[in-house]
Amino acid sequence: MNERRKPYPFDEIEPKWQTIWDESRAFHAPNPGEENFDPAKPKYYALDMFPYPSGAGLHVGHPEGYTATDIIARYKRLRGFNVLHPMGWDAFGLPAEQYAIKTGQHPAVTTRDNVAKFKTQLKRIGFSYDWEREVNTTDPAYYKWTQWIFLQIYHSWFNPESKKAEPISTFRGDDPDSVRLAYVAEVPVNWCQELGTVLANEEVIDGKSEVGGFPVVRRPMRQWMLRITAFADRLIDELDELDWADSIKALQRNWIGRSEGAEIAFAIDQASARDSRALPSIRVFTSRPDTIYGATYVVLAPENPLVDQITTDDRRESIAQYRTAIAAKSDLERTDLAKEKTGAFTGAFAINPANGERIPIWIADYVLMGYGTGAIMGVPAHDERDLEFARKFDLKIVPVVQAPGKTPEESIGFVDDGLAINSPLINGLSRAKSTAKIIDWLEKNGHGRPDIRYKLRDWLFSRQRYWGEPFPVIWRDGKHEAIPESELPLEPPALEDFKPTGTGEPPLAKAKDWIRYSQSSVRETNTMPQWAGSCWYYLRFCDSKNDERFVGEEAERYWMGGDNDEARMTNDERMTKPESPGTSSFDIRHSTLRAKPGGVDLYIGGVEHAVLHLLYARFWHKVLFDLGHLSKPEPFQRLVNQGMILGEDGRKMSKRWGNVIDPLDVIEIYGADAFRCYEMFMGPLEQMKPWSMKGVEGVSRFLARVWRLIMEENQAGEWILSGEVEDVPPEKPQLKVLHATIKKVTGDIETLSFNTAISQMMILVNALTNAPKKSVSAFRTLLVLLNPFAPHLTSELWRTLSDKFPGADGEIIAQPWPDHDEAFLVEDEIEIVLQVNGKLRDKVTVSLEATNAQIEAAALASPKVQNAIAGQTIRKVVVVPKKLVNVVCG
RNA sequence: GCCAGGGUGGCGAAAUUGGCAGACGCGCCAGACUUAGGAUCUGGUGGAGCAAUCCUUAGGGGUUCGAGUCCCCUCCCUGGUACCA
């Protein structure tokens, strides 16, 4: 077997340049105050979603986003920005713990090995990370600050007046523990008996554990919660200013699920109640208070505590039976399978406050205790579910909204806008007006008030795990207390046995000595979820070595700061700079994309984090912002989700299909530059797309063409600078392509359209290959443009050219990004498209100055046009200057 | 069901404000150089037709001198969510 011949010696030059960059600290971004820091440079923060270092190593999906940010980072450096481009490890998590349970190897050891593996792989791809800023969430020096942030949250409350997080000391009530942003509550959790642990929602798939497929049941347990719901409105509203895809914003809005309406009190009819003492009224939430006259019954969730108080004696047994049956159902059965409505009558009646009618009170499992008030008013005429329920149990159906062009009877089942009917107070009014009026009426008469509800739940923040951050909290006399900051980091105890206890008590409970904090107090034994570390890592990157603060104030202001005037000025200057007179609408459009500096300027990662991670991180950021620790209320200004890369067979990559591509295998054959370029050439970054080895080969051929454009093989088979390269300016046709390429590549990088940027560079290389003379200056421009994509190849060629031809000082990564000159793009002659009735018939070339009349005359003179209009009358001739002529006839 | 995003050659895909559909790459065909080619270079390549010409952006309708692009309807795919009142 003879080894496959390399198209160019990437196997030598790639490791060579990686070493040079490492040793010269080429990509270290200095902080303010640091040596080499240049305050004149604007900042740019390009961030990847840091990976969980699994044992399996990198797959081709990881480097897709990483390559995109790396291109941007390298491009911005060439444009004169001080670029923060860091990488780190999200290393707490279940796999390392499971591995520890099986093998007894400490998770820290597994983590260290996996990190080393990942880092080697990332370095081999040639990413320009500032490795001096590397962070690891499992490092005590890191999680010290994760715990510190938890304490900030613990020591705060949400002031509804200011709509901000404030120190708990500003709370005027009696019981601060009831309003803290971190609190303890008895909540239903996903308990998996087989695994002996609680699982996060996302670890439960169809009622079974993701790992092992064991049954999962709901069970109430004492848990730490974070009051994210207090920030629901801000988390929705402040999305507006962010440069995120609309689809991702929609996902977040959906998840938060804001719903405006009213809370309405339905009094219980005393005569019907089992318990004759004064009963509270039933509060329901509705998004359609305008339909209140159509409320012909009330439904409580089966778990609603009111049920016991109102059920009449004759109904007690059937109600108890129904509740038992529901309790036995899993969540899965209760939602997916329960398409058929079920329910039971309590025997009690309520009074509809709008019309005083006596309406029955039912319980049914289609009403959930966890949303709204756990009770609804049933409006069967205008709610699909209520209609189904009413039909099944033969309840009264009264239409109260008349749909346009329909009779009242036909309007049943119609849920959208219409005019109110059968509703004395609001008859004839539109939905908006009747809603406002009825809410006003309810409020004035003490029957209700406007209300807003959210689907978003408070964040269940504790896990019964070993491999996570311990809570900096102790318990004394049944009450929790924070430990002093001076005791951070609080490290987990050394354990021999990481197994869950099986009782729901966390593994940390086994460390008897560690638990005992003082005579009268014990430590919290829960740990934080994996999300904790990833909620703020982007802040730590700004100042990863600081042991005084979670991030230094000056560093935070600089990297995460609001208006970066330098950046804005630079963009404006660039736009109006005299040497680039051709400021087209194109340039302006791209400039506006950069007009909002601040926070992380570009954040790229998988769409799987569109909701949870991004919501949690925004929440923490807002708390820290409110408390005065941060400069801006939002962390990530521009967010992009890369699409998934599928296997060559078009299926999702998995061991099962045997279609997994290992980046290092690809790099072995084609080199890192080809790997990077192919990942970007495949198609739009955000799109899902299949891998193709043939495609890699095509891109590899392109890079080899660049190499051979400048290099040739001598008799001895060594690569040397081509003798044809001359220190001459490019000729006119090459200049034109060159400047068109500068323009296109620059614009495409700004919009992350890397695939078309590479296409354009291919066109340029084809043109330069066919050029009569090999111009050094044209090559140098090409190399700079290509550098962010193929950094090793271009570095090597740049240096080789520099050795022979003076005039370009320094390495390629220190060069300025080229500007295009519109003058080279101007045509002196223009090709005009000739159409007859909108169909292409011919083309003519005219001078740039040709008048519309001249163009029209030229068009009508064309034999092909004449042929096409033969025998018809010309009705009209449309002339679009510099573009086309359309002759309309018939 | 609801929300969001898609549907363009044999394949991955291009297409500023509506203005030459298919750039660039893969694959394929032909040629050159070669002992050889899975190397390299040159040319061709949406479909039908010998041709002139006709057809073509999921399907149908509309606006327009002109529609992949704008509007309406239908179908299909992907992601999210699902009795959220």
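Letters A, B, ... are given to chains in the order of the sequence lines, protein chains preceding strands, and every chain is numbered from 1.
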Taking only N and O in the side chain of [X], is any of them less than 4.0 Å away from OP1 or OP2 of [N]?
X: R841(A); N: C54(B); answer: yes
X: N770(A); N: U42(B); answer: yes
X: R708(A); N: C41(B); answer: yes

Just to be sure I understand the rule, does [X] reach a base, reach only the sugar-phosphate, or reach nothing, if contact means heavy atoms closer than 4.0 Å?
X: R453(A); result: nothing
X: K839(A); result: sugar-phosphate
X: M761(A); result: nothing

Give the rounded distance in Å between these two atoms: [atom1] of [X] and [atom2] of [N].
X: W719(A); N: A39(B); atom1: CH2; atom2: P; value: 15 Å
X: L646(A); N: G79(B); atom1: CG; atom2: C1'; value: 13 Å
X: K341(A); N: C83(B); atom1: NZ; atom2: C1'; value: 5 Å
X: D649(A); N: G12(B); atom1: CG; atom2: P; value: 14 Å
X: D290(A); N: A85(B); atom1: CG; atom2: P; value: 14 Å
X: E712(A); N: A39(B); atom1: CD; atom2: P; value: 22 Å
X: L612(A); N: G80(B); atom1: CG; atom2: C1'; value: 12 Å
X: E713(A); N: C41(B); atom1: CD; atom2: C1'; value: 16 Å

By ring pair (Phe, Tyr, Trp, His ring centres under 6.0 Å), Y454(A) pairs with (sequence neighbours left out) none
Using atom [atom1] of each nucleotide, how far apart are [N] and [M] to the nearest Å?
N: A14(B); M: G25(B); atom1: C1'; answer: 11 Å
N: C2(B); M: U69(B); atom1: C1'; answer: 28 Å
N: G47(B); M: C28(B); atom1: C1'; answer: 16 Å
N: C65(B); M: U74(B); atom1: C1'; answer: 29 Å
N: A82(B); M: A4(B); atom1: C1'; answer: 15 Å
N: U57(B); M: C70(B); atom1: C1'; answer: 16 Å
N: G59(B); M: U53(B); atom1: P; answer: 26 Å
N: U16(B); M: G10(B); atom1: P; answer: 23 Å

Report yes or no: is there a donor-acceptor pair, N or O only, under 3.5 Å between the side chain of K883(A) and the base of U17(B)? yes
[Y] backbone acceptor or donor facing [X] side chain under 3.5 Å:
X: N659(A); Y: E648(A); value: no
X: Y322(A); Y: T342(A); value: yes
X: S862(A); Y: V865(A); value: yes
X: Q866(A); Y: L860(A); value: yes
X: R618(A); Y: L235(A); value: yes

Would you give a per-nucleotide map of nucleotides 23-30 of chain B, 5' to 3', where B means the base has a protein non-hydrogen atom under 4.0 Å away, S means only the sugar-phosphate does, and - means neither? BBSSS---
Just wondering, are more than 12 heavy atoms of other shown residues or ligands nearer than 6.0 Å to [atom1] in [X]?
X: R391(A); atom1: CZ; value: no
X: E608(A); atom1: CD; value: yes
X: K392(A); atom1: NZ; value: yes
X: R253(A); atom1: CZ; value: yes
X: E668(A); atom1: CD; value: no

What are the two closest heavy atoms between F266(A) and S281(A), and how far apart are they? O-CB, 3.3 Å
With sequence neighbours left out, write down each residue that passes side-chain contact (heavy atoms from CB on, under 4.5 Å) with [X], or none if nothing qualifies.
X: Q715(A); result: none
X: R708(A); result: A704(A), R705(A), W719(A)
X: N770(A); result: none
X: A375(A); result: I282(A), V284(A), L300(A), N304(A), T373(A)

Where do N or O atoms of nucleotides 47-49 of chain B meet protein N or O atoms at under 3.5 Å, pair by pair?
none

Between D386(A) and V607(A), which has a closest nucleotide on RNA chain B that is more 5'? V607(A)
Can you work out whether M644(A) or K864(A) has the more 5'-proximal nearest nucleotide on RNA chain B? K864(A)
Distances under 3.5 Å between protein N/O atoms and the N/O atoms of nucleotides 65-72 of chain B, please, pair by pair.
from: C65(B); atom 1: O2'; to: N886(A); atom 2: ND2; distance (Å): 3.1
from: C65(B); atom 1: O2; to: N886(A); atom 2: ND2; distance (Å): 2.6

Using a 3.5 Å cut-off on both pairing distances, which stems of three or more Watson-Crick or G-U pairs include RNA chain B? B:1-7 with B:75-81, B:10-12 with B:24-26, B:27-32 with B:40-45, B:46-48 with B:53-55, B:58-62 with B:70-74
Separation of R676(A) CZ from L703(A) CG (nearest 0.5 Å): 11.0 Å
Assign G9(B) to syn or anti; the rule is syn for a glycosidic angle within 90° of 0 and anti otherwise. syn
Which of the following nucleotides, U81(B), C20(B), A85(B), is nearest to the side chain of S287(A)? A85(B)
Report each atom pair, protein N/O against N/O of nucleotides 3-9 of chain B, whose distance is under 3.5 angstrom.
none

Sequence neighbours left out, what pairs pass side chain to side chain donor-acceptor pair (under 3.5 Å) with at least one residue falling in residues 679-694 of chain A? E64(A)-K689(A)
Identify all side-chain donor-acceptor contacts of residues 878-890 of chain A below 3.5 Å with residues at least two apart in sequence or on another chain.
from: N886(A); atom 1: OD1; to: N837(A); atom 2: N; distance (Å): 3.4
from: N886(A); atom 1: OD1; to: G838(A); atom 2: N; distance (Å): 2.9

